[in-house]
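Counting starts at 1 for both ligands and their atoms, in listed order. Owing to the predicted nature of the structure, the values given are computational and were not obtained by experimental measurement.
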Amino acid sequence: MHMTPEEFRENGYAVIDWIADYMEQVEQYPVLSRVEPGEIASMIPDAAPETSDGFASMLSDLDDVVMPGITHWQSPNWFSYFPGNASGPSILGDLAASGLGVQGMLWSTSPSATEIEMKVLDWLVDLMGLPESWKSDGRGGGVIQMSASDATHAALVVARHRRSGEASTSDMVVYASNQAHSSIEKGCTVAGIGHCRAIDVDGAYAMDPNALRAAIEGDIDAGLLPIAVVSSVGTTATTAVDPIGVVADIAGEHELWHHVDAAYAGTAMLCEEFRVHQPDLDGVDSYTFNPHKWMMVNFDCNVLWVADREPLIDTLSILPPYLRNSASDSGEVIDFRDWHVPLGRRFRSLKLWWVIRYFGAAGLRAMVRDHVGMADVFASWVEQDDRFELFAPHPFGLVCFTHVDGNEATTKLASALNATGKVAVTPSQIGDTAFIRVVVGQTHTSERHVEALWDLIDQLA
Ligand SMILES: *Cc1c(COP(=O)(O)O)cnc(C)c1O
């Protein structure tokens, strides 16, 4: 019944070959899957097999059943959403972690899983120019979670917990700009926080601090309790950047927890020139970004840092007798189970560690600069063409633009581009204006891909 190590070796080589073939061929597939709803499910038997299907048949179904329903995030012609990049060292790191099959809930359940995670997240503090005190030997610390949504939910639960004596949760208020990610509102729902206020933005879609101040004061007058504010560094729609320093001052005046969501743009902070967008992190309480977007680390891998780990652990630590052990009791180790909602955790730091070691900090910075450079060139083409207008500033790798003939022309262009199968872009809308999002950020996107995209836009506009 078991797959012997020898069988594993043989099947494993076949899978690695299959993945390597996919890497070679990914550009040839239509970027967006073309199946109809139910088409993939209809190829799978209604009942599970009673006896083994055999590995050969499972592998061939990768081509026959799975591939038609794949959307090719790893295509260099992927300009949609944000990237969700894979890379060789990350895939292999994930595989090695799967091979070890450890569950790293406590330090003692695999010291390597905890200590490598601490060390690598400390490296990232330096690499991204974050406050020194966020390192594990300071007051703060970082933890890997599944997603930015989880990290934000956790931060909001901490924000709620530390004010729990002052008001009922239904009277608590969290603030974020009206461009903030939906995970903020969802986090408030999960945490049972009564109110989530969407604050007005300025012409560049960044939070208007005066509107924030007014909202807070209005809520206090109404007898509510403001508990947290979330700043975005790189909103999902347009990569707008909230004025973190001013928001931090307001948060300080009102004792709000200040969480920063840099899910996509955090990766840019590997390069010093982008740190102008987050100049005042000293007043920030928590910060999250997704290596699983732009940093070539396979989904899933999110990082949350807190400036002070005490409130986080105080909120989430529960100690049943069966989890007690001498290492934890000694207080000398970190048990990451106390840093997030789940108990169990995968050894995700291995792939993150391998990605940083394989590419080196210089390699990662070069990737960011390369992508942003191509996005800047693309934006200059948009600007120079009378048929198009830039819709928003483009501080990172996302360029948003409209067709001057209006919403219908813009939406039609996006649909026509996606229908070619040669590229994927994202149609979006803010207020009454439709626009197209083009993100240059896929690991293998090079100038020829961006030029080919522009040629298509030129033909189809
Ligand atoms: C992508 C994104 C998220 C959500 O990320 P998940 O890891 O999928 O939860 C949150 N905030 C911003 C700004 C994002 O761009």
Side-chain angles (χ1 to χ4, degrees), residues 71 73 78-86 90 128 142-157 174-191 196 198-199 201 204-207 228-244 247 258-269 274 277-278 284 286-305 340-342 345-346 348 351-352 368 371-372 375 392-400 424 426 428 430 437-442:
T71 294
W73 290 73
W78 180 263
F79 300 101
S80 196
Y81 302 113
F82 282 130
N85 290 339
S90 175
M128 295 168 66
V143 59
I144 297 178
Q145 310 211 14
M146 180 175 78
S147 70
S149 303
D150 291 282
T152 295
H153 301 172
L156 293 176
V157 170
V174 169
Y175 305 84
S177 91
N178 63 23
Q179 293 300 306
H181 191 262
S182 55
S183 55
I184 316 317
E185 193 181 342
K186 198 174 187 178
C188 288
T189 306
V190 172
C196 183
I199 304 301
V201 293
Y205 304 105
M207 190 195 289
V229 57
V230 180
S231 295
S232 306
V233 174
T235 58
T236 311
T238 68
T239 61
V241 178
D242 292 340
I244 292 188
V247 174
H258 187 192
H259 177 66
V260 173
D261 177 2
Y264 155 77
T267 297
M269 304 309 159
F274 295 103
H277 298 296
Q278 52 177 46
V284 164
S286 52
Y287 179 102
T288 192
F289 99 108
N290 279 340
H292 70 217
K293 276 185 169 150
W294 194 10
M295 219 181 107
M296 298 190 281
V297 181
N298 281 56
F299 195 86
D300 49 10
C301 183
N302 161 271
V303 181
L304 172 72
W305 279 284
H340 50 43
V341 174
R345 56 203 322 272
R346 307 199 300 123
R348 294 186 184 94
K351 62 185 169 186
L352 180 58
V368 167
H371 286 150
V372 177
H394 52 96
F396 309 106
L398 169 69
V399 180
C400 301
T426 308
S428 190
I430 293 182
R437 294 169 77 267
V438 165
V439 191
V440 183
Q442 212 290 321

If you round to the nearest 0.5 Å, how far is NE2 of His153 from NE2 of His340?
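Rounded to the nearest 0.5 Å, the NE2-NE2 separation comes out at 15.0 Å.
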Please report, to 0.1 Å, the donor-acceptor pairs under 3.5 Å made by any side chain of residues 229-237, with sequence neighbours excluded.
unit_1, atom_1, unit_2, atom_2, d
Ser231, OG, His258, NE2, 2.6
Thr235, OG1, Thr239, N, 3.3
Thr235, OG1, Ala240, N, 3.0

Between His292 and Phe299, what is the ring plane arrangement, given parallel below 30°, perpendicular above 60°, and tilted in between?
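Tilted, since the angle between the ring planes falls between 30° and 60°.
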Report the relative orientation of the aromatic rings in Trp78 and Tyr81; use parallel for angles under 30°, tilted for 30 to 60°, perpendicular for over 60°.
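Aromatic pair Trp78/Tyr81 classed tilted.
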Under 6.0 Å between the ring centres of Tyr264 and Trp294?
yes
Every pair of nitrogen or oxygen atoms between ligand 1 and the protein that is under 3.5 angstrom apart - can you list them with their distances to 0.1 Å?
unit_1, atom_1, unit_2, atom_2, d
ligand 1, 5 (O), Asn290, ND2, 3.3
ligand 1, 7 (O), Ala148, N, 2.8
ligand 1, 7 (O), Asn290, ND2, 2.9
ligand 1, 7 (O), His292, NE2, 3.2
ligand 1, 9 (O), Ser147, OG, 3.4
ligand 1, 9 (O), Ala148, N, 3.4
ligand 1, 9 (O), Ser149, N, 2.9
ligand 1, 9 (O), Ser149, OG, 2.6
ligand 1, 11 (N), Asp261, OD1, 3.2
ligand 1, 11 (N), Asp261, OD2, 2.6
ligand 1, 15 (O), Thr236, OG1, 3.0
ligand 1, 15 (O), Lys293, NZ, 3.0

Could you check if a side-chain atom of Ser147 sits within less than 4.5 angstrom of a side-chain atom of Asp300, using non-hydrogen atoms only?
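No; the side chains remain at least 4.5 Å from each other.
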